[in-house]
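Report on the structure given below.
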Amino acid sequence: MVEFTSLKRQFDLYAPEYEEALLRVARSGWYILGSELQRFEEQFTSYLGMQYCIGVNSGLDALILAVRALDIGPGDEVIVPANTYIASVLGVTENGARPVLVDPDAFFCLDADRIEAAITAKTKAILPVHLYGQPCDMERICAIAEKHGLYVIEDCAQAHGAAQKGRKIGTFSTIACFSFYPTKPLGAQGDAGALATNDPLLAEKLRKLRNYGSGKKYVNELVGINSRLDEYQAAILQVGLRHLEEGNAYRRRIAERYLTEIRNPLVSLPKTREGCSHVFHVFAVLCEQRDALQAFLLERGVKTLCHYPIPPHLQECYAFLGHSAGDFPLSEQYAQQELSLPIYVGMPMEEVTQVIEAVNTFQGA
Ligand SMILES: *Cc1c(COP(=O)(O)O)cnc(C)c1O
């Protein structure tokens with residue numbers, strides 16, 4: 001069976017380094033807000049080329065705190081791609097603000113051409129999501145934000161190390177949000193996330209918000225939360241960061257094989273925007289007979305997933321936004337046609353060959 005992913009194989013590749021990191025934390029006797037987190041924050045800051053990094057509990061918490069730190073709340077609007085993972089939208093609604101959804105471009109990213117029509121007097125920020133590991137057109141998005149006086153909050157949860165014209169994602173915005181969920185390009189062994197910014201005041205505010213709104217023990221200036229990246233995850237992430245470029249390169253090699261060796265008129269392959277480096281967190285193909293293709297591949301021993309089968313505007317939890325089927329035709333089409341092929345660090349190339357052969361023999365239902 002070709003698994004969709006295997007964290008076990010990824011662990012085995014670097015097992016001695018992970019084990020050393022875990023024991024180092026256990027033996028230190030210090031488990032929350034210590035030197036491991038400080039070291040990881042410094043390393044991630046310098047990897048990105050940013051001034052400040054603030055570790056939190058999850059990617060969702062990073063999004064929630066980014067929106068909160070910019071004082072965006074009830075009565076405000078934030079522009080979000082309609083085809084994103086639910087967390088990007090939750091980051092907005094958790095603060096009482098309204099997500100204004102916009103259909104994606106041909107690269108599955110927030111479509112810069114559709115942003116201006118969605119801007120109103122209430123718009124405070126644009127929240128591009130570098131979906132599947134590919135950068136949005138940040139040059140254009142930032143130009144639009146600047147013209148209209150809006151913040152940009154990047155959702156970098158799937159794209160650690162991706163870049164547009166050599167400039168890393170996470171460096172374009174007021175605040176960038178990262179998830180280190182175990183399967184992400186940079187993954188912990190539990191929940192973890194981070195924010196990056198160049199603004200010293202925002203960095204200080206975010207540091208307080210993640211720790212009960214407190215900068216000094218038992219002195220609470222803000223209404224904060226408990227969202228601290230713990231020492232174990234911070235130590236694991238230092239190992240992950242050392243191997244991030246190598247992992248991204250390995251997934252690109254798999255993607256390169258899929259792009260050159262998959263030949264099936266029923267299956268359309270993902271496109272990469274010119275000037276962008278894609279890290280292929282997800283290898284997303286489109287197929288009008290997606291469910292039949294998925295069942296066919298499973299019969300031939302290949303597991304796949306759909307990212308994502310129901311777009312946020314059609315989820316029950318967002319009925320209150322008042323949308324209905326047909327409002328975001330491209331997002332709905334992608335939800336019906338997208339299929340993600342296995343692509344992960346540690347995936348044997350023979351299994352990649354198996355996936356290619358299985359996809360190429362699909363002749364439709
Ligand atoms: C994974 C993910 C998140 C949320 O990250 P968690 O760490 O799981 O909370 C947010 N946005 C996108 C696009 C994601 O893929």
Side-chain angles (χ1 to χ4, degrees), residues 4-5 7 40 44 53-68 78-95 99 101-102 104-105 107-110 125-136 138 141 152-162 169-170 173 175-196 206 210 225-230 232-234 236-237 240 248 251 278-284 305-313 315 317-318 331 334-335 338 340 343-344:
F4 182 71
T5 193
L7 292 171
F40 173 69
F44 197 55
C53 166
I54 300 97
V56 293
N57 253 333
S58 69
L60 174 58
D61 276 3
L63 288 157
I64 292 171
L65 293 184
V67 172
R68 192 161 303 167
V78 178
I79 293 172
V80 187
N83 63 325
T84 186
Y85 179 57
I86 196 83
S88 323
V89 190
L90 284 169
V92 176
T93 55
E94 266 301 298
N95 287 291
L101 304 170
V102 168
D105 58 22
F107 306 95
F108 303 111
C109 285
L110 178 61
I126 305 173
L127 200 159
V129 181
H130 308 297
L131 202 71
Y132 306 151
Q134 163 148 236
C136 294
M138 292 310 293
I141 291 171
V152 178
I153 302 169
E154 281 173 276
D155 182 340
C156 305
Q158 305 190 351
H160 319 66
I169 58 101
S173 48
I175 307 181
C177 302
F178 290 86
S179 165
F180 305 123
Y181 182 79
T183 57
K184 301 287 163 88
L186 176 54
Q189 291 173 4
D191 276 313
L195 301 115
L206 289 166
R210 75 162 173 197
I225 60 172
N226 174 358
S227 183
R228 304 174 297 214
L229 200 169
D230 73 72
Y232 280 103
Q233 302 309 337
I236 288 295
L237 286 166
N248 284 349
R251 280 193 316 282
H278 193 320
V279 296
F280 290 101
H281 169 58
V282 168
F283 191 91
L305 285 178
C306 307
H307 293 98
Y308 299 91
I310 307 172
H313 72 282
Q315 296 283 2
C317 66
Y318 283 135
S331 300
Y334 292 155
E338 193 276 344
S340 308
I343 187 164
Y344 65 90

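Position 1 is the first residue of the sequence; numbering continues from there. Remember, it's 1-based here, ligands and their atoms both numbered in the order they're listed.
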For [X], the ligand 1 atoms whose distance to one of its heavy atoms is below 4.0 Å:
X	value
V129	13 (C)
G59	5 (O), 6 (P), 7 (O), 9 (O)
S58	7 (O), 9 (O)
L60	4 (C), 5 (O), 6 (P), 9 (O)

Where does the angle between the aromatic ring planes of Y132 and H307 fall among parallel (under 30°), tilted (30 to 60°) and perpendicular (over 60°)?
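Plane angle over 60°, so perpendicular.
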In terms of the angle between their ring planes, are Y85 and Y308 parallel, tilted or perpendicular, with boundaries placed at 30° and 60°?
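Aromatic pair Y85/Y308 classed tilted.
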Looking at non-hydrogen atoms alone, which of C177, A157, S179 comes nearest to atom 5 (O) of ligand 1?
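That would be S179.
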How close does the nearest protein non-hydrogen atom get to atom 15 (O) of ligand 1, and which residue and atom is it?
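The closest heavy atom on the protein side is Q158 NE2, 2.7 Å.
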Give the residue, atom name and distance (to 0.1 Å) of the protein heavy atom nearest atom 10 (C) of ligand 1.
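Its nearest protein heavy-atom neighbour is A87 CB, 3.4 Å.
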Is there a side-chain contact between [X] and [Y] (heavy atoms, below 4.5 Å)?
X	Y	result
D191	D61	no
P104	S331	yes
I175	L65	no
M138	H130	yes

When you measure from the side chain of R251 to the backbone N and O of I343, does any donor-acceptor pair fall under 3.5 Å?
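Judged by distance alone, no pair lies under 3.5 Å.
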Kindly say whether H160 contributes a backbone atom to a donor-acceptor pair with the side chain of N248 at under 3.5 angstrom?
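Here the side-chain-to-backbone pair exists.
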Would you call D191 a ligand 1 contact, heavy-atom distance under 4.0 Å?
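Heavy atoms of D191 never come under 4.0 Å of ligand 1.
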Would you check whether H130 reaches within less than 4.0 Å of ligand 1, judged by its heavy atoms?
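No, H130 has no heavy atom closer than 4.0 Å to ligand 1.
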Could you tell me whether D155 and ligand 1 have an N or O pair separated by under 3.5 Å?
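For ligand 1, there is an N or O atom that lies under 3.5 Å from one belonging to D155.
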If you measure every N/O of K184 against every N/O of ligand 1, is any gap under 3.5 Å?
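Min N/O separation from ligand 1 is below 3.5 Å for K184.
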